[in-house]
There are 2 protein chains.
Amino acid sequence: MTVSRVLRHSGDVSEKTRAKVLEAAKRLGYVPNRIAGGLASQRVNLVGVIIPSLSNMVFPEVLAGINEVLEDTPLQPVFGLSRYDPPHEEKVLFEMLSWRPSGLIVTGLEHSEASRAMLRAAGIPVVEILDLDGEPIDSVVGISHRRAGAEMARAIAGAGYRRIGFLGTKMPMDHRARKRFEGFTGALARAGLEIVDQEFYSGGSGLEKGREMTRALLDRHPDLDFLYFSNDMIAAGGLLYCLERGFDVPGKLGLAGFNGIELLSGLPLRPATMDIQRREIGRRAAQIIADCVEKGLPGKGERVALTPRIDPGHTLRADLARCGQAVRDQV
Amino acid sequence: MTVSRVLRHSGDVSEKTRAKVLEAAKRLGYVPNRIAGGLASQRVNLVGVIIPSLSNMVFPEVLAGINEVLEDTPLQPVFGLSRYDPPHEEKVLFEMLSWRPSGLIVTGLEHSEASRAMLRAAGIPVVEILDLDGEPIDSVVGISHRRAGAEMARAIAGAGYRRIGFLGTKMPMDHRARKRFEGFTGALARAGLEIVDQEFYSGGSGLEKGREMTRALLDRHPDLDFLYFSNDMIAAGGLLYCLERGFDVPGKLGLAGFNGIELLSGLPLRPATMDIQRREIGRRAAQIIADCVEKGLPGKGERVALTPRIDPGHTLRADLARCGQAVRDQV
DNA sequence: CTGAAAGCGCTAACAT
DNA sequence: ATGTTAGCGCTTTCAG
C-alpha cells in the first residue's frame, strides 16, 4: 500500500501522509523486510565480493575502494573468502549467487570450471580483479603481474645487480605471485641473467618469515647482490635482518618487494617495491558494477588495465639505477 | 514439492527420486533462491558482524575466529563496517536487520540509543565483543580494557620505570583505547606516579606515525624512561626510531604496546605488549550465536571474560621486572 | 513417500 | 494521491 511508497521515497505521496507513516514507522521501530522486498521486486542491492583472505593487507584496501564508491549508491557489498582454494571459492560463490546479488567482484582469473559456468550463467555483471593475464568472464580490472615481474627484473638488471635471489610464497595457490615470478625470470633471461637461488614458504607472510628466509638464502649464498621478495612484508623482514647483520644495504645488497604497502615507509630504509593501486582497483571495479546496475546491463565486458609504478625506495634510486654497478660501488 | 525436500536433505525421499532431482538440478545449473526460502521459512542463516574497520589488523583476526566456528554450522557471516562512528553503525545495523539475520555480533558496548533499541527489539542473539566495561545488551565476550591498562601500568611501575610517556589515538572515537588509558593512569596514580607527557594522533596507525610521535615526545622529554603506546603498530614505529637514534632500549628506555600482533616478533627487539586473544574472542562469540540458533533461544545473556596476558617482550622481562631499577641499570 | 495448497511480507501494476 | 490485487519462489502443513 501507500506505506511501501513512502518508505521507498518513490511515487507520489502527500506530505501529510508521508509524515504520518514515517512517524508511525519510527515509533514502532519498524525495520523493512528486504527478504520479502527482494522477492517481490526480483532484485536485491547486494554486490558480492570474493577475495582470497583478509590477512594480507592487500585485500582490505581493495575493499575500502569498493566501499568508497558503493556508498554513493544503493548497493551494498557482501564479502566472502575463497582462501586461495578453488573448490572453496566455488562453495562461497554458490552461496552468494543464492542471494541473487546485483553484481559480483571476484579475485583473479583462475576459477573452477563450475565457478566459471555459474558466473556466466548468473546474468549479472561480474568483475574479476587484480589480474589481467588470462581470459576474463566479463569485465576485468587489474594489472599484468607478468609485466610487473618483468619490469622489476629490468629495473634491477638495469641498476647493475647481477647475483639475484628470489624469496616468495609457494605458488601453486597464488597465481598472481606465480605470474610475477614467471615475468621476472623471463625478463632476467632476456638480459642474460638467471636467479642464483630461491627460497619458498607457505602460510601467512610476516616479518619473521622474511627474516628466516633471508637468513637461509644468504647463508647459502653470501655473495648475492639482490633479493627480490614476492611481497613487501617479507621484504621488510628481510631488510631488518640484513641491517641487523650489518649487510651493506643498499650499497652491496639491494632489496625489492611488491605491493607498495604503507608499512615500508616506516622502515629505516625502504626496499624498492611496486604499487599496484589496490584502492583504485576496488574503486574501478565497483564503478563498473554500479554503472551496469544503473543501466540495467548484465555486464559490459570492460577491461581496465592499470599500470603499476616502480617505487625505487632507497634501493633502486634513479641516480643509481641509471649508472649501474660502477656508481653503486662508490656509494 | 518434493524437490525442495531433497535439496534441503530433509524428510523422507526415496533414493530414486532424490537422485533424479539432484541430477536435474546439476544439469540445469540450478541455484536455489534463498530470498524466497528465507521469506517462506522466516529464517535466514546469516550472522551479521559489525566491526569498526578492516585497516587495523585486529579485526581480521576476530573475523577469522568467527569464520572458524561458523564453518561447522549452516550459519554464514556477513560483515559491516561502523567506522568508529555511531550514526554510521546505526545505518549499517539497520541494513543488516532488514535481512533478518539469525544473530548479530557487534564491536564494543557503546552504541547510539536507537541502535541499542534495534538490537534489543530484534529478538535474536546479540554478542558484543572486545570489551567488558559497560552494560551489555545480551551476551558479551572480551576483556576489560580498564584492567588491561591498569595491569600494564603496574608491570611498568613494578619494573622500576618512573618517567612514563603515553602515545595513542585521539580517543573520542575509540572507547577501548580510552578505557585502557583511564585504567593505565588510574593505576599509575595509585602507585604515586603520573604520566609525564602524552602525544595523540588520529587516522590509521602505521609505523611512520609511531616514529613521528616518538620523536616529538622524546624531543620534548629526552629523560623519559618508558613509552606506553596504545597499539603495537605505533609501538613498532617508535622502537625503530629509538634504535636508529641509539636510545638504549630496553636498558634506559622501555616500550610497551597493545594487541600482541604478530609483526612484533619480527622486530630486532620486542616491546612489551598484551595479547587480547582476538581469534578466541571471535570463536567464543560465534559459538554463542551458534548455540542460541541451534536451541532456538533469542539470546542467552552470557558473559565471557577473557584474561589478557602481558607479553614482556624484551622490555619487561620477568628477571628485570622483579628487581626494578637497580637491575635495569646493570644491564 | 509424494503432491497440493496456503502463505511468508513485500512490490508492481492497475484501479479508484 | 491512495487503495487493491496478484504474485515473487520457496517452505510448511496437511492430504493422499
Side-chain angles (χ1 to χ4, degrees), chain A residues 1-46 48 73-76 94-103 118 121-124 293-294 296 298, chain B residues 1-46 48 73-76 94-103 118 121-124 293-294 296 298:
Chain A
M1 49 168 153
T2 318
V3 175
S4 171
R5 280 192 269 262
V6 9
L7 262 16
R8 270 176 306 128
H9 339 272
S10 78
D12 305 313
V13 195
S14 76
E15 226 8 274
K16 210 184 64 189
T17 12
R18 148 177 273 109
K20 212 159 58 184
V21 172
L22 252 26
E23 194 277 330
K26 175 158 297 178
R27 190 166 39 75
L28 300 174
Y30 173 78
V31 177
N33 185 330
R34 300 219 185 225
I35 305 186
L39 182 58
S41 66
Q42 296 294 62
R43 62 196 148 69
V44 285
N45 290 325
L46 257 29
T73 75
L75 297 171
Q76 242 213 335
F94 186 83
E95 280 313 304
M96 288 222 151
L97 253 15
S98 77
W99 287 101
R100 302 292 187 268
S102 296
M118 283 195 269
I124 55 175
V293 170
E294 199 181 351
Chain B
M1 51 163 142
T2 319
V3 174
S4 171
R5 279 191 271 262
V6 8
L7 262 16
R8 271 175 306 126
H9 338 271
S10 76
D12 305 312
V13 193
S14 75
E15 223 14 90
K16 208 185 65 190
T17 8
R18 146 176 275 111
K20 210 160 56 184
V21 172
L22 252 27
E23 194 278 328
K26 176 158 297 177
R27 189 166 40 75
L28 300 174
Y30 173 79
V31 178
N33 185 330
R34 300 223 183 223
I35 305 187
L39 183 58
S41 64
Q42 296 294 69
R43 62 198 149 67
V44 173
N45 290 326
L46 256 28
T73 75
L75 297 171
Q76 241 213 336
F94 186 83
E95 277 318 300
M96 288 222 151
L97 253 16
S98 78
W99 287 102
R100 302 292 187 269
S102 295
M118 282 195 270
I124 55 175
V293 169
E294 198 181 350

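Letters A, B, ... are given to chains in the order of the sequence lines, protein chains preceding strands, and every chain is numbered from 1. Please read all numbers here as calculations on a predicted model, not as lab measurements. Values below: every heavy atom of this structure, side chains too, minus hydrogens, waters and symmetry copies.
Between B:Ser14 and A:Val31, the residue anchored nearer the 5' end of DNA chain C, judged by the nucleotide with its closest heavy atom, is B:Ser14.
In this view, B:Ser41 and B:Arg43 satisfy the side chain to side chain contact (heavy atoms under 4.5 Å, CB included) rule, not counting sequence neighbours.
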Using a 3.5 Å cut-off and no angle test, enumerate the donor-acceptor pairs between side-chain atoms of residues 21-28 of chain A and protein atoms at least two apart in sequence or in another chain.
none

Side-chain donor-acceptor distances from residues 31-40 of chain A under 3.5 Å, at least two apart:
unit_1: A:Asn33; atom_1: OD1; unit_2: A:Ile35; atom_2: N; d: 2.8
unit_1: A:Asn33; atom_1: OD1; unit_2: A:Ala36; atom_2: N; d: 3.1
unit_1: A:Arg34; atom_1: NE; unit_2: B:Ser98; atom_2: OG; d: 2.8
unit_1: A:Arg34; atom_1: NH2; unit_2: B:Glu95; atom_2: OE1; d: 3.2
unit_1: A:Arg34; atom_1: NH2; unit_2: B:Glu95; atom_2: OE2; d: 3.3

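A:Pro101 and A:Gly48 make their closest contact through CB-N, 4.1 Å (heavy atoms, listed as atom of the first residue, atom of the second, distance). Nearest approach of B:Val44 to A:Trp99, heavy atoms of both residues: CG1-CH2, 3.2 Å. Closest heavy-atom contact between B:Phe94 and A:Tyr30: CE1-O, 3.9 Å.
By the 4.5 Å heavy-atom criterion applied to side chains, B:Leu97 and B:Ile124 are counted as neighbours.
Regarding contacts with the backbone of D:dT12, a side-chain N or O of B:Arg43 is found under 4.0 angstrom from either OP1 or OP2. Remark: A:Thr17 is not in phosphate contact with D:dA1, judged by side-chain N or O atoms under 4.0 Å from OP1 or OP2.
One end of the helix from C:dC1-D:dG16 to C:dT16-D:dA1 points its axis 30° away from the other end's axis, with each axis taken from 5 pairs and the angle rounded to 10°.
Counting to the nearest Å, the C1' atom of C:dT2 and the CD atom of B:Glu15 are 15 Å from each other.
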Produce the list of close N/O pairs, under 3.5 Å, pairing protein atoms with atoms of nucleotides 7-9 of chain D; give distances to one decimal.
unit_1: D:dC8; atom_1: O3'; unit_2: A:Gln42; atom_2: NE2; d: 2.8
unit_1: D:dC8; atom_1: O2; unit_2: A:Leu39; atom_2: O; d: 3.4
unit_1: D:dC8; atom_1: O2; unit_2: A:Ala40; atom_2: N; d: 3.0
unit_1: D:dG9; atom_1: OP1; unit_2: A:Gln42; atom_2: NE2; d: 2.9
unit_1: D:dG9; atom_1: N2; unit_2: B:Ala36; atom_2: O; d: 3.2

